Amino acid sequence: MSVRVRMAPSPTGFLHIGGVRTFLFNYLYARGRGGECLLRIENTDTSREVAEAVDQIQQSLKWIGIDWDGPVTFQLDSMEPAAAAAKRLVDEDKAYFDEGAIRIRMPREGVTAWDDAVKGRIEVQNSELEDMIIVRSDGRPIYNFANPFEDLQDGITHVIRGDDHVSNTPRQLNVIKALGGTAPVYAHVPNVFGTDGKKLSKRHGAVSVDEFRKSGYLPETLLNFLSLLGWSFDDKTTLMSRDELVERFTLERVGVSPATFDYDKLDWMNGMYLRALEPAAYAQRLVAFLHAEEDPDWPAATIEAAAPLVQEKIVKLGEFGGYAGFLFRPVPPPAELLAGSAPILAAVADGLAPLEPFERSGIEAVLRAAAEALALKPRDAFTPVRVAITGSKVSPGLFESIELLGRDESLARLRAAVALAG
RNA sequence: GCCCCCAUCGACUAGCGGCCCAGGUCGCAGCCCUUUCAAGGCUGUAGCGCGGGUUCGAAUCCCGCUGGGGGCACCA
């Protein structure tokens, strides 16, 4: 039997990162076994909001690197056939009308059980199960009926979903039984929490794929990080590409207890991926990101030139502006950081004015000579220069920054700083 | 209230009866390197929720407790 799974997002706007983690497990499981991965939208209407959300969901999934097979399907489209199936159950006396709604007969004795691919065997006393409404009095099927009905229709072999569906499972199992179908394998993966042990939400930080993208996380980071939430390959491996994940993922190694989303570790990992990029690829991604999220007018050539200066330093592409924004706009230095440093600033300006060629090594020589002449430690001498040039005590390498800024602008900033330093 | 699930360093986890006075990664602290910040290198920090069993031996198995989470809709 070949594997077929489905990802079933609700079209509620943005794609939640916790949901993506669940989809990822579906995706990895199917792809690792040559199976199929379907995308089924669990919509209850066809409003414009839904259409937009569906669009968003697909874009987010594609961006992060999760693809699917066949056309996107919609739960709403199977409402009719599901209702018809419910009527058939009534004809077979497996269900009955109750005040206009249809209820399914649940077994009265014994247990309903299944071997969960993640949690192991789970049993529920049938006495706990009530005859559940499967179709409303207005004719619309209920989720707990429509969902397993569709899984049957779609030939789903493995239902990999969130922990919160565990208690729905015995009901759905009985629906499937009534419909005469074979139950898929169920795998309930643990939830993802925020740092306070509560469901991951906005107040913990970014939660939608879109937010992560806009902050400058790489899709490969998110994919790798998400895979490690509730799953591990072994006791040592942390960094894995999508192909490696596909090859290594198994449901057996999915954990049973909930995981906490650790933003610090995500940042670390993104830094790892960012630094591992070839300089050219890094520059290219940086340009695309900045033009889309920061300022489309920043010259690509300047960004590319600045890329190597920040690659080792920033952990998210969105941090670029904070480090290298001084290359694109004036940055008035805080006067208090320049107090008493007029001599070194002036000496550096005088030294740089005639420098030829205006390059890193020469610039460094000028700065070091100026520091030595004034008997200043490099650290003490360079700080005011850094502040004058970049507007901050924290910046990319000073010499490279000056070279990139160019002689005219550098001298202008240094001389303005001399005036400020008094 | 009833039902189900879960429980290893602050976080993600390895561990599936002896290899563990518990290993890796993030974080944190210190040191080195150093023009700032990072990166990198080194060292360190910290954990099997509690109580009973079973066993020659338990983080690993069983029971109870406590603590989390989820569910009990003509919601999805």
Side-chain angles (χ1 to χ4, degrees), chain A residues 8-12 42-44 75 98-103 116 118-120 122-125 127-130 132-147 162-171 188 190-199 225-239 252-253 255-269 271-272 274-275 309-315 319 322-323 363-364 367-368 371 376-387 389-390 392-402:
Chain A
S10 295
T12 50
E42 307 250 289
N43 62 327
T44 51
Q75 180 176 81
D98 177 17
E99 300 197 32
I102 299 177
R103 283 186 190 276
D116 197 281
V118 169
K119 292 179 174 294
I122 298 177
E123 295 186 351
V124 175
Q125 294 295 322
S127 55
E128 298 294 330
L129 270 25
E130 291 181 357
M132 167 180 79
I133 287 183
I134 56 176
V135 179
R136 298 179 180 84
S137 50
D138 66 3
R140 292 154 56 220
I142 288 288
Y143 169 82
N144 268 326
F145 181 69
N147 191 272
D163 221 345
D164 45 329
H165 287 286
V166 169
S167 33
N168 287 327
T169 307
R171 298 173 232 287
H188 289 95
N191 285 123
V192 177
F193 292 138
T195 39
D196 54 1
K198 298 274 165 38
K199 202 176 169 215
F225 182 78
L226 255 21
S227 76
L228 259 16
L229 249 29
W231 175 82
S232 65
F233 173 59
D234 59 18
D235 61 336
K236 301 227 152 68
T237 315
T238 302
L239 267 13
E252 289 70 51
R253 290 197 63 84
V256 286
S257 47
T260 301
F261 196 99
D262 185 349
Y263 289 88
D264 285 338
K265 190 163 184 175
L266 209 218
D267 283 354
W268 163 79
M269 191 180 282
M272 292 296 282
L274 244 18
R275 274 173 256 124
L309 306 201
V310 300
Q311 185 165 12
E312 290 284 303
K313 301 181 185 299
I314 66 176
V315 122
E319 291 170 346
Y323 273 85
I363 293 166
E364 176 169 4
L367 293 229
R368 291 200 186 280
L376 290 170
K377 288 182 187 168
R379 182 195 186 96
D380 297 328
F382 297 169
T383 297
V385 177
R386 185 185 305 282
V387 169
I389 295 292
T390 72
S392 167
K393 287 166 76 175
V394 177
S395 80
L398 222 208
F399 319 130
E400 296 88 337
S401 293
I402 291 174

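Convention: sequence-line order gives letters A, B, ...; per-chain numbering from 1. Not measured: the values here are computed from a predicted model. Computation of the quantities below employed the complete heavy-atom set of this structure, encompassing side-chain atoms and omitting hydrogens, waters and symmetry-equivalent molecules.
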Rounded interatomic separation in angstrom, taking CG from A:Asp267 and P from B:U25: 19 Å
Separation of the P atoms in B:A7 and B:U45, to the nearest angstrom: 28 Å
Nucleotides 63-76 of chain B: protein proximity per nucleotide (B base, S sugar-phosphate only, - neither; heavy atom, under 4.0 Å): ------SSS--BSB
B:A29 versus B:C37 - spacing of their P atoms, nearest Å: 14 Å
d(CZ, A:Phe261; P, B:C26) in whole Å: 17 Å
Identity of whatever pairs with B:U54 - Watson-Crick or G-U, under 3.5 angstrom: none
Any residue meeting ring pair (Phe, Tyr, Trp, His ring centres under 6.0 Å) with A:Phe399, in chain and number order, not counting sequence neighbours: A:Phe382
Listing, residues 258-265 of chain A side-chain donor-acceptor contacts under 3.5 Å, not counting sequence neighbours, or none:
residue	atom	partner	partner atom	Å
A:Asp262	OD1	A:Asp264	N	3.0
A:Asp262	OD1	A:Lys265	N	3.3
A:Tyr263	OH	A:Ala206	O	2.6

For A:Val310, side chain to side chain contact (heavy atoms under 4.5 Å, CB included) partners two or more places apart: A:Tyr282, A:Leu286, A:Ile314, A:Phe320, A:Tyr323, A:Ala324, A:Pro396
Set of residues satisfying side chain to side chain contact (heavy atoms under 4.5 Å, CB included) with respect to A:Ser232, sequence neighbours excluded: A:Arg253
side-chain hydrogen bond (donor to acceptor under 3.5 Å, both in side chains) partners of residues 376-387 of chain A, not counting sequence neighbours, each pair once: A:Arg386-A:Ser395
Sequence-distant partners of A:Gln311, side-chain hydrogen bond (donor to acceptor under 3.5 Å, both in side chains), two or more places apart: none
Proximal nucleotide (of B:G23, B:A11, B:C6) relative to the A:Asp262 side chain: B:A11
Check: A:Asn43 side chain, A:Gln75 main-chain N or O, donor-acceptor pair, under 3.5 Å: yes
Gap between atoms CG and C1', on A:Asp234 and B:G24 respectively (whole Å): 9 Å
Quiz item: A:Lys265 side-chain donor-acceptor pair to B:U25 base, under 3.5 Å: yes
Complement of B:A14, any strand, by Watson-Crick or G-U distances under 3.5 angstrom: none
Sequence-distant partners of A:Thr237, side chain to side chain contact (heavy atoms under 4.5 Å, CB included), two or more places apart: A:Phe233, A:Asp234, A:Met240, A:Arg248
Euclidean distance, atom CG of residue A:Asp264 to atom P of B:C26 [Å, nearest integer]: 12 Å
Value in whole Å for how far the P atom of B:C3 lies from CE of A:Met132: 21 Å
Touch class at under 4.0 angstrom, heavy-atom based, for A:Leu229 against every strand present: sugar-phosphate
Between P of B:C4 and CD1 of A:Ile122, the distance in whole Å: 11 Å
Separation of atom CZ in A:Phe233 from atom P in B:U25, rounded to whole Å: 17 Å
Base versus backbone protein contacts along nucleotides 29-47 of chain B [heavy-atom cut-off under 4.0 Å; B, S, -]: ------BBBBSS-------
